[in-house]
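Taking it in order: structure first as structure tokens, then the write-up.
Numbered from 1 within each chain, the chains take letters A, B, ... in sequence-line order.
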Amino acid sequence: MEINYLEELNPEQRVAVEHINGPVVVLAGAGSGKTRVLTYRIAHLLKNNIDAFNILALTFTNKAAREMKERISKIVGEKEAKNLWMGTFHSVFARILRFESEKIGYPSHFTIYDTDDSRNLLKTIIKELSLDDKVYKPSLIHNRISGAKNSLINANAYLNDAQIQADDRQSSKPLLGEIYRRYETRCFKAAAMDFDDLLFKTCVLLQQFPEVLYKYQEKFKYILVDEFQDTNFAQYSILKQLAARFENICVVGDDAQSIYAFRGATIRNILNFKQDYPDMVTYKLEQNYRSTKNIVNAANSIISNNRQQLHKTVWTDNEEGQKILVFRTLTDNEEGLTAAQQIFEFKNNFQLHNRHFAILYRTNAQSRAFEEALRKVNIPYKIYGGFSFYQRKEIKDVLAYFRLTINNNDEEALKRVINFPARGIGDTTIDKLILCANDHASGLWTVLENLDEFNLGINSGARNRIIDFVTMIKSFASMAAQSNAFEIGNHIAKQSGILKDLYDDKSPEGLSKYENIQELLNGMKEFSSPVPVPTSPNGSPTEKEASAPNEIPVDSEGIGNDLSLTSFMQDIALLTDSDKKDGEEERDTVSLMTIHAAKGLEFQVVFIVGLEENLFPSQMALNTRADLEEERRLFYVALTRAQKHAILSYSVSRYKWGNRFDCEPSRFIEELNEKYLDFKQAGRQENSGFGQNRQGWNRAGQGNINDFWKKNGNQQSKPKNGTELNPTIPKVPSIEGKKLIKVNPQQGIPGNYSTASELNIQVGMEVKHQRFGLGKVINMEGGYPNQKATVFFHEAGQKQLLLKFAKLELVK
DNA sequence: GTGTAATGCTATTGG
DNA sequence: AGCATTACAC
């Protein structure tokens, strides 16, 4: 089953694959087969007898790494591909840090603080310094510290940098450096690293320990980096150090798709690369295989408005394709309905399935209108990104117990659970404990363990309750040492009182929380069931324990038979939704996500929605040209996700914080060359049978751009920066809103609505629940998506159910 | 210390 | 509108 991979490449791709040694830059336009080049390049290295053990490939998501590994397996065999190190910067270097952590004073079981943890700690510190958290906003401080770390500036350097200090005084935050210093020591004492530390500390490790650097240079003789345009300085510095010995480094990227400057990414890295590796060879991939001519050309037309770019001409041999549809709607809800309706029509007209559609938006908050509309017409969808399972309160609570069990010094975990469920250790007591820990330069846990040695001034009741808590955590720890993740996890969920607490809570929210924890435990059970380890050719098991006193961890995933809680928790903090293994059922669903999350993906039909000034481009990005250019690149990324059809939409009004705001069309629509566009009015579709031609708007069907801007009262005036538009318009629909012929998908689309969509459930209906059986709806309350139904079940009696979780079926 | 009602803030983008 | 923090009653 040998695949002749080289023959599947065009000449440019092929030279990029075959150029094995030395520094290589591949400038890969959108849709030019970047992933294919990377995949085949790795396969090619392996075919040329380079050991998988010596290859490091850094990708943007772990999912991308996994998929690439699978494809490589198909070419060179699983056995070969298994030892490849592939993953994100964060996950790969977290793994290395765990292995080497003691050199920089951390235990290997260090905690990874997520954004919430970091911000909470900063909040605590700001309070301790008696500073105003309106001036020192934790999120802003966090961004600033994050920026410093990404530029490899530690707290000491920060405090000693005259320019930075002047800046902070200028913005009346002179104590920012002091906050940073305290944050740094607090994290260290808590044996915790934040996301930025994973890169920062890796740099420190490699800089300060030449023998460690040497070891990994020797290991990673061949380095590949995907999405190089989105690396920051810390990441670049890691790469530079690792590659310094052999200089076999291949970076792949597209400056036109650089969309992460806000977290420190800089295309300067490409320029640095040229300086640092004078004999670097550049290959350009300019042929787009993904999209129609119309889409490629439209994308080119928009990106040409950017001043800052490397020269590249993306072209395609594909068909001309349909023009890009542009929809104007009156409200955000109508925008949702329009998308749903268009999906319906496209499915009919072009034989497409749900999975061929994506709806892309600028901010997560925009998803609501689309969810609602898709639910109404029973089109299944999946939201990527946004709130993940691991960010739910109840899950974080349980995880905090796990974290504290593994790492007693984890201050944020301790604060989270010491009084949850409530056990009479209140804020005053906790403040005293923290204060004491600060005063004595000892960790919080040390204070808890040795209460009587400190002069705390807490009452004996609190003292005893703390002692009980400490005893409990210690018992967890000793049990964890000899049980698998599921056993101890289950034990902790019960003994901590969390499960009981939620079990007693019979509200629908409580029930769903309870079920979420059960789901977590199910996951742990799966993790804890030993996978039969395939015997490797030499007969020895391949898991990492077998090679325990090793110089280097064997692979990047730690697959093996370590079923402990510690092992389970290892990378939880780094998991994101898109990293989740594609679940059991690969369902046919429409994808909803932010444009950032869509990076690297492609769909037959792509909706880019909310194209309005102050939303896209974002209001935050209107101040500088650089920011605006990044928004434009973001739009470029969005448009180039589309293979066959692209649909743009904007609404003339939108609800925000419960109020209606007027909106103006995005400048990006105007920047697109008109000849690629087809202006449509929402609700008006030929042969669709619903909606009607509206007098005066787009009667000809094909819009003209002059009409278009005129109709929107926007012919001359460009939207002014940051102008808030009539923020106080009352919630009543405007006159214009009343004139609107409502698109009603329930009537308009001859679909099948017999499945019980939660929106269809009404008082009096007979329903069936998986567990409770048959019952009658006696009350409905709450709005979508938190609709609650009170149902009287014949067997189980009266229950309140949250419709988004309870899968009720209608009984005819 | 705990639980509930009123208040006020928020919505870039993400590992 | 929805969530988190704060204020206040118990």
Side-chain angles (χ1 to χ4, degrees), chain A residues 58-63 87-94 112-120 123 127 133-134 137-139 142-143 146 149-150 193-200 227 230-232 234-235 258-265 332 360-368 384-388 390-391 393 419-430 458-459 461-462 465 571-579 593-599 610 614-622 627 630-631 633-635 637-638 654-661 731 782-786:
Chain A
L58 295 160
T59 56
F60 199 71
T61 63
N62 288 312
K63 189 182 177 191
T88 61
F89 273 91
H90 286 88
S91 67
V92 164
F93 295 113
I112 297 173
Y113 273 177
D114 67 15
T115 308
D116 285 342
D117 295 318
S118 299
R119 298 214 169 140
N120 284 334
K123 215 181 278 179
K127 214 185 328 177
D133 66 359
K134 303 250 170 18
K137 283 178 72 175
S139 58
H142 185 225
N143 286 339
S146 172
K149 285 186 181 176
N150 288 157
M193 295 199 200
D194 65 19
F195 286 137
D196 304 309
D197 282 333
L198 297 176
L199 307 174
F200 181 70
E227 310 283 8
D230 286 321
T231 52
N232 61 36
Q235 289 166 325
S258 161
I259 53 173
Y260 280 93
F262 74 91
R263 66 178 210 217
D332 40 5
L360 308 182
Y361 35 76
R362 180 64 180 80
T363 66
N364 282 306
Q366 285 165 259
S367 68
R368 199 211 84 252
Y384 293 83
F387 267 64
S388 84
Y390 293 103
Q391 289 176 307
K393 282 173 262 357
N419 199 32
F420 183 84
R423 50 174 73 84
I425 308 173
D427 290 345
T428 353
T429 309
I430 296 170
I458 52 174
N459 63 47
R465 289 189 284 260
D571 299 317
I572 289 274
L574 299 174
L575 281 185
T576 63
D577 261 13
S578 54
D579 285 334
M593 66 187 90
T594 63
I595 301 164
H596 283 92
K599 188 166 90 156
N614 298 323
L615 180 59
F616 192 15
S618 158
Q619 191 171 1
M620 327 286 281
L622 297 176
D627 283 347
E630 174 148 321
E631 295 284 301
R633 291 193 296 268
L634 193 57
F635 183 72
V637 168
R654 185 173 291 281
Y655 282 91
K656 197 181 177 185
W657 301 323
N659 288 320
R660 209 182 85 140
F661 287 78
K731 247 176 106 170
Y784 173 84
N786 294 310

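Atom pair D194(A):CG and dG15(B):C1' shows a separation of 11 Å (rounding to whole Å applied). Between the CZ atom of R119(A) and the P atom of dA4(C) there is a distance of 14 Å, given to the nearest Å. Rounded to an integer number of Å, the gap from CG of D116(A) to C1' of dA4(C) is 12 Å. Rounded to an integer number of Å, the gap from CG of D133(A) to P of dT10(B) is 10 Å. One can place CZ of F60(A) at 9 Å from P of dG14(B), the figure rounded to the nearest angstrom. In this structure, the CZ atom of R465(A) is 12 Å from the C1' atom of dT2(B), given to the nearest Å. Computed from coordinates, the L615(A) CG to dT10(B) P distance equals 18 Å when rounded to whole Å. Atom CG of N150(A) and atom P of dG14(B) are 16 Å apart (whole Å).
Checking the phosphate oxygens (OP1, OP2) of dA11(B), no side-chain nitrogen or oxygen of N364(A) falls inside 4.0 Å. When the side-chain nitrogen and oxygen atoms of N419(A) are compared with OP1 and OP2 of dT2(B), one or more of them lie within a distance under 4.0 Å. Using a 4.0 Å cut-off, some side-chain N or O of T594(A) falls inside it from OP1 or OP2 of dG14(B).
Among dA11(B), dG14(B), dT5(C), the nucleotide with an atom closest to any side-chain atom of A365(A) is dA11(B). Distances from the side chain of A422(A) to the nucleotides dG14(B), dA11(B), dT2(B) place dT2(B) closest. The nucleotide whose nearest atom lies closest to any side-chain atom of F262(A) is, among dG14(B), dG15(B), dA11(B), dG14(B). The side chain of F195(A) lies closest to dG15(B) when the candidates are dG14(B), dG15(B), dT5(C). Closest to the side chain of K393(A), from the set dA11(B), dA4(C), dG14(B), is dA4(C). The listed nucleotides are dT13(B), dG1(B), dA11(B); the one nearest the side chain of T363(A) is dT13(B). Of the candidate nucleotides dT5(C), dT13(B), dG15(B), dT5(C) has the atom lying nearest to any side-chain atom of K123(A). When each of dG15(B), dA1(C), dT13(B) is scored by its nearest atom to the side-chain atoms of W657(A), the top-ranked nucleotide is dA1(C).
If you check distances only, the side chain of D196(A) does reach the base of dG15(B) with a donor-acceptor pair under 3.5 Å.
If you find the closest nucleotide of DNA chain B to A573(A) and to K134(A), the one lying nearer the 5' end belongs to K134(A). Summary of the strand contacts: L634(A) and I430(A) both lie near DNA chain B, and taking for each the nucleotide with the nearest heavy atom, the more 5' one is attributed to I430(A).
Both geometric conditions, a ring-centre gap below 5.5 Å and a plane tilt below 30°, are not fulfilled together for Y260(A) over the base of dT13(B).
Across the P atoms, dA4(C) and dT13(B) are found 16 Å apart, a figure rounded to whole Å.
Among the atoms of the strands shown, only primed sugar atoms or phosphate atoms (P, OP1, OP2) are found under 4.0 Å from some heavy atom of T428(A). Residue contacts shown for D114(A) are absent, as no nucleic acid heavy atom lies under 4.0 Å away. Residue K137(A) is in sugar-phosphate contact alone, with no base atom involved, counting any heavy-atom pair closer than 4.0 Å across all strands shown.
In this structure, the separation between CG on D194(A) and OG on S146(A) is 7.5 Å, given to the nearest 0.5 Å.
W657(A) and F661(A) have perpendicular rings, their planes meeting at more than 60° on a 0 to 90° scale where under 30° would count as parallel.
Checked by atom type, the side-chain pair T115(A)/S118(A) shows no donor-acceptor distance below 3.5 Å.
In this structure, the side chains of L622(A) and N614(A) come closer than 4.5 Å at one or more pairs of heavy atoms. You'll find the side chain of L198(A) reaches within 4.5 Å of the side chain of I112(A), heavy atoms only.
A donor-acceptor pair is defined here as one N or O able to donate and one able to accept, closer than 3.5 Å; such a pair exists between the side chain of N419(A) and the backbone of R423(A).
Aromatic ring centroids of F262(A) and H596(A) lie under 6.0 Å apart.
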